2 protein chains.
Amino acid sequence: MDQRVLQATAVLRRHGYKLTKPRRLLLEWFYRRGEHASAQEVFDSLCRQGQEIGLTSVYRNLEVLVKVGLVRQICFHDGCHRYEPVAPGEHHHHLICSDCGQIIKFHGCTFDRELAERLEQETGFMVNCHQLQVFGTCKFCQQESATKRRTV
Amino acid sequence: MDQRVLQATAVLRRHGYKLTKPRRLLLEWFYRRGEHASAQEVFDSLCRQGQEIGLTSVYRNLEVLVKVGLVRQICFHDGCHRYEPVAPGEHHHHLICSDCGQIIKFHGCTFDRELAERLEQETGFMVNCHQLQVFGTCKFCQQESATKRRTV
DNA sequence: ATTCTAACTGAAAATGAGTTTCAGTTAGAC
DNA sequence: GTCTAACTGAAACTCATTTTCAGTTAGAAT
């Protein structure tokens with residue numbers, strides 16, 4: 001079994017979860033290809049691979065994987081939640097085109113320990129993680145709307 | 001009419017939208033009390049006030065208000081979108097308790113023009129806005145889980 | 001290795017946020 | 001005032017996600 005899957009399995013065990021077939025399939029899927037995919041997309045992809053898994057189990061176990069911190073749930077306001085594997089030491093966020101929904105990953109986040117600590121002191125919260133979404137218009141959609149303005 | 005509602009009306013007009021009763025009700029509602037409320041919550045609140053408005057119109061016009069930039073749509077992973085008025089010159093984000101869903105507003109965002117410009121250069125996007133969600137555990141839920149650990 | 005059982009599974013039904021349809025209404029341009 | 005494109009609300013619909021339930025399985029206990 002893939003090293004990452006093995007490590008993830010240990011995390012699951014530590015949280016009292018068994019390693020079942022659907023869980024293994026999800027982990028393998030995410031570590032092989034996973035970038036902000038919806039539950040339905042993961043399910044479809046697995047089915048196309050000929051794997052046997054129920055959609056219910058996909059939803060159920062995505063929830064488990066999020067709970068133990070192996071997967072992150074993100075929202076791009078496009079009608080469904082999306083999921084991606086959490087890679088320790090790796091940290092990125094997303095740039096989303098408000099017009100066409102295109103998503104680009106980017107590195108270089110400005111959220112820092114200083115802000116986290118300030119928040120913890122001011123609110124008593126224990127800060128765990130954060131998500132940053134940057135919205136804008138992609139190159140193509142900018143041209144698109146410029147063209148439209150010219151012809152209308 | 002409230003100054004802010006008046007200004008908002010001008011924004012709607014500029015975008016080619018009429019000022020209808022549902023739109024006015026939504027604007028008034030948001031400027032009087034609006035903090036990250038769901039469509040259903042806004043609807044219920046307006047109904048309780050004895051206002052006549054359809055849930056469909058709430059959804060439809062929230063979309064319009066988001067489109068013209070008067071309202072922001074946010075996602076706290078709690079099953080529905082939430083909305084809050086955009087106050088020009090004001091800028092905040094949210095700290096969310098992953099356990100109980102409590103939401104705290106905070107100021108002092110570290111996303112800066114520099115990062116935005118870097119993204120624009122690297123991707124060709126035109127950056128418009130951003131959202132930051134910080135997740136953690138609130139004071140109460142920390143105690144809660146500490147207690148549970150002790151008694152179990 | 002076998003037994004045991006809580007945790008888990010998938011199919012089907014249910015839920016609920018959000019959207020679409022459609023016949024009637026209205027803001028506001030003329 | 002007239003006109004009409006934009007708008008409205010109720011009802012029907014869509015579709016992501018959750019719940020239910022009867023059967024299955026991982027893995028701890030023996």
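These numbers come from a predicted model, not from an experiment. Note that these values count all heavy atoms, side chains included, but never hydrogens, waters or copies made by symmetry.
Atom CZ in A:R14 sits roughly 15 Å away from atom P in D:dG27 (whole-Å rounding). Atoms CD (A:E41) and P (D:dC15) sit 15 Å apart, rounded to a whole Å. Atom CZ in B:F43 sits about 15 Å away from atom C1' in C:dG16, given to the nearest Å. The CG atom of A:L26 sits 9 Å away from the P atom of C:dT9 (whole-angstrom rounding). Rounded to a whole Å, the NE2 atom of A:H15 is 16 Å from the P atom of C:dA7. One atom, OH of A:Y17, and another, P of D:dA28, lie 16 Å apart when rounded to the nearest Å. For the pair A:K67 NZ and C:dA7 C1', the computed distance is 13 Å after rounding to whole Å. The nearest whole Å value for the distance from the CZ atom in A:R23 to the P atom in C:dA7 is 11 Å.
For C:dT9, one of the phosphate oxygens OP1 or OP2 lies less than 4.0 angstrom from a side-chain nitrogen or oxygen of A:N61.
Residues meeting the salt bridge (charged side-chain N to carboxylate O under 4.0 Å, His left out) test with A:R33, sequence neighbours left out: none. The ring-ring contact (aromatic ring centres under 6.0 Å, His included) check on A:Y59 picks up nothing, with sequence neighbours excluded. A:H15 pairs by the ring-ring contact (aromatic ring centres under 6.0 Å, His included) definition with nothing, not counting sequence neighbours.
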For residues 96-108 of chain B, dump all side-chain donor-acceptor pairs below 3.5 Å to protein atoms at least two apart in sequence or in another chain.
unit_1: B:S98; atom_1: OG; unit_2: B:G136; atom_2: O; d: 3.4
unit_1: B:K105; atom_1: NZ; unit_2: B:E35; atom_2: OE2; d: 3.2
unit_1: B:H107; atom_1: ND1; unit_2: B:H91; atom_2: O; d: 3.2

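When each of A:L26, A:L27, A:L65 is checked for a side-chain contact (heavy atoms from CB on, under 4.5 Å) with A:V71, only A:L65 meets the rule.
In this structure the side chain of A:F30 reaches within 4.5 angstrom of the side chain of A:V42, judged on heavy atoms.
Of all the heavy atoms in B:L62 and B:A39, the pair that sits closest is CD1-CB, 3.7 Å.
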Could you go through nucleotides 16-18 of chain D and list every protein N or O atom that sits under 3.5 Å from one of its N or O atoms, giving the distance for each pair?
unit_1: D:dT17; atom_1: OP1; unit_2: A:H81; atom_2: N; d: 3.0
unit_1: D:dT17; atom_1: OP1; unit_2: A:H81; atom_2: ND1; d: 3.1
unit_1: D:dT17; atom_1: OP2; unit_2: A:Y59; atom_2: OH; d: 2.9

Atom pairs under 3.5 Å: protein N/O with N/O of nucleotides 23-26 of chain D:
unit_1: D:dA26; atom_1: N3; unit_2: A:K18; atom_2: NZ; d: 3.1

Does the side-chain contact (heavy atoms from CB on, under 4.5 Å) test come out yes or no for A:E90 and A:V86, once each step is laid out? CA-CA 8 Å; A:E90 200 271 356; A:V86 171; over 6 Å; no
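Counting heavy atoms of neighbouring residues, nucleotides and ligands inside a 6.0 Å radius, atom CD of A:E52 does not exceed 12 of them.
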